[in-house]
Amino acid sequence: MSEVLVKVCGATRAADLTALHGVDLVGLWWGVRGGHADLSRSAFVELAARGGPEPVMVTFADDVSELARASGVRWIQLHGFQSPKTVGELKEAGLTVVKALHFQDGTCVEGPLVGAYERAGADMFVLDQVGPDGTLGSTGQVLSESAVLGIADRLSQPFLLSGGVSPHNADAFRAVRRHPRFAGVDVDTGCRDRRGRIDRDRVGALVAGWRR
């Protein structure tokens, strides 16, 4: 791709959206029980309609087509262990589907299913690190470059790099950035201030650092 896509995940307020200058995609959580950025249905619909970066529904749920229609969201990020069948159903509904691939102890948990996800119509993948306690998403845990390259060579679709991405560690992933299917980055923890809020300056540094 000619330019690195930047996705910032976990917006919960209108003020978060105004901090996302230069960002392409914003992750809005729904159906992530206990998640720090999980939204009610009404809050999700409201934020999705505010404009700004393309909204992406980030979810652990399976049946999200109705909310996608109601909110006008066109992108779905399946961040749990949903099946290839779920990917296919969402594609049939006309949605762009991003499927998370999770890494634990250097191994891609869904590795055996990559081909099935692609045949079902996955448009893109996001590569993320499972937390030490088994937590999925926004763990701040850094993926190893060798693990990323090992699965990237098996993909026929583009991927976003997540897992400990920050405004300052692009140089640690030089080989990943040169990979022909590297599409961009997906960041949550790395764009937040000490209060846990999305920070305009850190977002700006992220965009500059990964697009330089």
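Bear in mind that the values here come from a model prediction, so they are computed numbers and not experimental data.
In this structure, Gln129 contributes its side chain and Gly164 its backbone to no donor-acceptor pair below 3.5 Å. Judged purely by atom type and a 3.5 angstrom limit, Thr86 has no side-chain atom pairing as donor or acceptor with the backbone of Gln82. With hydrogens and angles ignored, the 3.5 Å screen pairs a side-chain donor or acceptor of Lys91 with a backbone N or O of Leu95. The backbone N or O of Val6 sits less than 3.5 Å from a side-chain atom of Asp24, completing a donor-acceptor pair. Judged by distance alone, with hydrogens and angles left aside, the side-chain atoms of Arg181 form a donor-acceptor pair with the main-chain N or O of Leu155 at under 3.5 Å. Between the side chain of Asp38 and the backbone N or O of Gly34 there is no donor-acceptor pair closer than 3.5 Å. Of the possible donor and acceptor atoms, none in the side chain of Asp153 sits under 3.5 Å from a partner among the backbone N and O of Gly150. One N or O on the side chain of Asn169 and one on the backbone of Ser166 form a donor-acceptor pair closer than 3.5 Å. Panel note: side chain Thr59, backbone Trp30; a donor-acceptor pair is recorded below 3.5 Å. In this structure, the side chain of His21 does not engage the main chain of Val203 through any donor-acceptor pair within 3.5 Å.
Under a 4.0 Å N-O distance rule, the pair Lys99/Glu118 does not qualify as a salt bridge. Electrostatic pairing of Asp199 and Arg194 does not count as a salt bridge here, judged by no charged N lying under 4.0 Å from a carboxylate O. No salt bridge links Arg197 with Asp188; every basic N to acidic carboxylate O contact stays at or beyond 4.0 Å.
Between Ala48 and Val73, the shortest heavy-atom distance links the atoms CB-CG2, 3.7 Å. Closest approach of Pro167 to Arg202, counting heavy atoms only: CG-O, 3.5 Å. Heavy atoms only, all atoms of each residue included: Pro158 and Asp123 are closest at CD-O, 3.6 Å. Closest non-hydrogen pair, Ile198 versus Cys9, comes out as CD1-O, 4.4 Å.
Taking the six-membered ring where the residue is Trp, the centroids of Trp29 and His36 are separated by under 6.0 Å.
Under a cut-off of 6.0 angstrom, the local environment of CZ in Arg74 is sparse, with at most 12 non-hydrogen atoms contributed by other residues, nucleotides or ligands. Around the CZ atom of Arg212, the shell of radius 6.0 Å holds more than 12 heavy atoms that belong to other residues, nucleotides or ligands. Heavy-atom neighbours of Asp171 CG from other residues, nucleotides or ligands within 6.0 Å: above the threshold of 12.
With a 6.0 Å cutoff to the six-membered ring centre and a 45° limit on the axis angle, Arg177 counts as a cation-pi contact of Trp210.
Residues Trp75 and Leu25 form a side-chain contact, since some pair of their non-hydrogen atoms from C-beta on lies under 4.5 Å apart.
Of the N and O atoms on the side chains of Gln77 and Lys7, at least one donor lies less than 3.5 Å from an acceptor on the other residue.
Between Tyr117 and Phe125, the ring-plane angle classifies as perpendicular under the 30° and 60° cut-offs.
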